[in-house]
Amino acid sequence: MKLLCIDGGGVRGVFPIAILQAIEEEYGKPVGDLFDLIAGTSTGAIIAASAALGKPMQEVMESYQTYGEKIFDRKAKVGYFKSVYSDRYLRRLLKKAFHEFALSDIRKPLVIPAVDITHGKPYVHRSDYGFAEEEELSIKLWDAVLSSCSAPIYFPPNNVNNQYLSIDGGLWANNPSLVGVTEALHHFKADLAEIKIFSIGTGLQNIDFTKEQESHWGIRQWLPFHFPSMKVTPKLLDLAMDLSSESVSYHCRLLLGGHYLRLNKELSQEIPFDDFTYMEELAELGRNVYQQNKKHISAFLFR
């Protein structure tokens, strides 16, 4: 059973998109056709949902390039009294991409981690592969994806059918590979030896919290200000999500051995998930990583 699992990471999602676009160009078929189950968190949920619908990755890349700057147009400097960003353009992008498809309409097994903050628990949106309740399946695909993308402080929580508030699944499953393993074992009754995961990150960052002389730490250290713009870097959130992703990768390598193929790459510098100015650089990095790992990808997909 082959799984595609895509990390969260905001605009850094163009890195996995570029890799998947190169695969589609190489093999002449939608990338979703190459996998039995697709999982994605946050920006990875956008990509995963697109793959599950058979959307060309070139089209997904163009959407990121068109909407990136609009989505990350600040409505607040810091985020004390309201979210830094409105979800207006993100919502518009998702509705345009996924129309009125409900989870019940998606034939490809699709998994989207989120967080139900109303009840304080992790939540997994599933397409209709026989294991979700009818009420869950009635949720619109765009609504499920928006829930997984709603990073706290930066975007408001998503109100799902006036039933609960939902936020970014990256808080517990930024790399959804273990969620995928659980689905394969529990719902599809696969043996561990049968599970193969193609996991794509959104860039390895060296997030530096340099020790300062002052003894008191506060919001200025965790979410650094930039003067005179007063822009705040989501450093703490990026760190938490990077740690989540890499710890999951470690466990998956132990569990699956050579059946776990992880593509990620060190970034030349810290690239916050909301800095759209790096998108072309990230896309080029993704294309290079594909070329460097072409043989490994082919072996994974077709052996």
Side-chain angles (χ1 to χ4, degrees), residues 1-9 13 15-27 29-45 47-52 57 107-113 122 124-127 129-131 169-170 172-204 241-266 286 288-303:
M1 184 174 186
K2 290 198 290 289
L3 284 64
L4 171 63
C5 299
I6 309 165
D7 285 22
F15 173 78
I17 294 171
I19 292 172
L20 296 175
Q21 184 179 348
I23 291 174
E24 289 189 339
E25 292 169 356
E26 182 76 24
Y27 299 108
K29 61 175 63 180
V31 72
D33 291 353
L34 300 171
F35 297 92
D36 301 304
L37 181 146
I38 304 172
T41 303
S42 194
T43 196
I47 305 164
S50 300
M57 286 297 117
R107 301 273 71 86
K108 173 70 68 173
L110 172 67
V111 175
I112 300 173
V124 178
H125 294 284
R126 297 177 178 89
S127 62
Y129 51 92
F131 305 101
W172 70 281
N174 200 55
N175 175 348
S177 294
L178 279 179
V179 180
V181 169
T182 303
E183 294 294 301
L185 292 173
H186 182 63
H187 292 311
F188 290 92
K189 307 303 180 185
D191 291 330
L192 191 62
E194 298 172 342
I195 299 170
K196 297 176 65 178
I197 292 182
F198 183 37
S199 171
I200 312 180
T202 55
L204 289 165
M241 291 182 174
D242 273 19
L243 291 173
S244 170
S245 288
E246 294 313 306
S247 64
V248 166
S249 290
Y250 172 77
H251 292 297
C252 284
R253 287 190 182 98
L254 288 179
L255 285 171
L256 303 178
H259 283 185
Y260 185 71
L261 176 59
R262 171 77 167 169
L263 295 189
N264 213 356
K265 186 73 172 179
E266 289 186 6
N288 291 338
V289 167
Y290 172 75
Q291 291 299 327
Q292 293 162 7
N293 292 274
K294 200 171 176 179
K295 291 181 180 178
H296 298 297
I297 295 169
S298 178
F300 176 93
L301 292 174
F302 299 110
R303 282 186 189 172

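Quick caveat, the model's predicted, so the values are computed rather than measured.
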Task: Rounded distance (nearest 0.5 Å) linking atom SG of C5 with atom CG of L261 - done: 11.5 Å
Open item on the list: Quick check against the 3.5 Å criterion: does E183 have a side-chain atom that pairs as donor or acceptor with the backbone of V111?
Closed with: no
TODO: Please report the shortest heavy-atom distance between A48 and I38, naming the atom on each side.
DONE: CB-CG2, 3.5 Å
- [ ] For the pair S298 (side chain) and K294 (backbone), establish whether a donor and an acceptor sit closer than 3.5 Å, ignoring hydrogens and angles.
- [x] no
Task: Working for side-chain contact (heavy atoms from CB on, under 4.5 Å), residues L263 and Y290 - done: CA-CA 9 Å; L263 295 189; Y290 172 75; 6.0 Å; no
Open item on the list: Distance to the ring centre below 6.0 angstrom and angle to the axis at most 45 degrees; does that hold for K196 and F300?
Closed with: yes
Task: Closest non-hydrogen atom pair, G201 against P16 - done: O-CD, 3.6 Å
Task: For the student: nearest non-hydrogen atoms of E24 and M57, plus distance - done: OE1-N, 2.9 Å
Task: Close side-chain approach of K29 to L34, heavy-atom, < 4.5 Å - done: yes
- [ ] Write down the atom of I47, the atom of G13, and the distance for their closest heavy-atom approach.
- [x] CD1-O, 3.5 Å
Task: Between CG on residue D7 and OG on residue S199, distance to nearest 0.5 Å - done: 5.5 Å
TODO: With the side chain counted from C-beta on, respond yes when L301 and I23 share a heavy-atom pair under 4.5 Å apart, and no when they do not.
DONE: yes
Task: Atom pair OH (Y129) and NE2 (H187), whose distance is rounded to the nearest 0.5 Å - done: 5.5 Å
Task: L255 side, atom CG; I197 side, atom CD1 - distance, nearest 0.5 Å - done: 9.0 Å
- [ ] Start with the C-alpha gap between R262 and S245, add the side-chain angles, then the distance that decides, and say whether side-chain contact (heavy atoms from CB on, under 4.5 Å) holds.
- [x] CA-CA 11 Å; R262 171 77 167 169; S245 288; 3.9 Å; yes
- [ ] Report yes if some heavy atom in the side chain of L256 is under 4.5 Å from a heavy atom in the side chain of V181; otherwise report no.
- [x] yes
TODO: Step by step, work out the side-chain contact (heavy atoms from CB on, under 4.5 Å) result for D36 and F188.
DONE: CA-CA 10 Å; D36 301 304; F188 290 92; over 6 Å; no
Open item on the list: Please check: side-chain N/O of K108 versus main-chain N/O of F35, any donor-acceptor pairing under 3.5 Å?
Closed with: yes
Task: salt_bridge(E194, K189) N-O dist < 4.0 Å - done: no
Open item on the list: Taking the side chain as everything from C-beta on, heavy atoms only, tell me whether E246 gets closer than 4.5 Å to N264.
Closed with: yes
Task: Atom pair OH/CG of Y260 and L254 - distance to nearest 0.5 Å - done: 11.0 Å
Open item on the list: Quiz question: by atom type and distance under 3.5 Å, do the side chains of T41 and N174 form a donor-acceptor pair?
Closed with: no
Open item on the list: Going by side chain to side chain contact (heavy atoms under 4.5 Å, CB included), I6 matches just one of L20, N175, T43. Which one?
Closed with: L20
Task: Within 6.0 Å of CD in Q291, more than 12 heavy atoms from elsewhere - done: yes
Open item on the list: Could you report the tightest heavy-atom contact between A173 and P113, atom names first, then the distance?
Closed with: CB-CB, 4.0 Å
- [ ] Specify the closest pair of heavy atoms between A190 and M1, including all atoms of both residues, with the distance to one decimal.
- [x] CB-SD, 4.4 Å
- [ ] Applying side-chain contact (heavy atoms from CB on, under 4.5 Å), run through V248 and V179 and close with a yes or a no.
- [x] CA-CA 10 Å; V248 166; V179 180; over 6 Å; no
Task: Separation of T202 OG1 from D242 CG (nearest 0.5 Å) - done: 6.5 Å
Task: OH (Y250) with more than 12 external heavy atoms under 6.0 Å - done: no
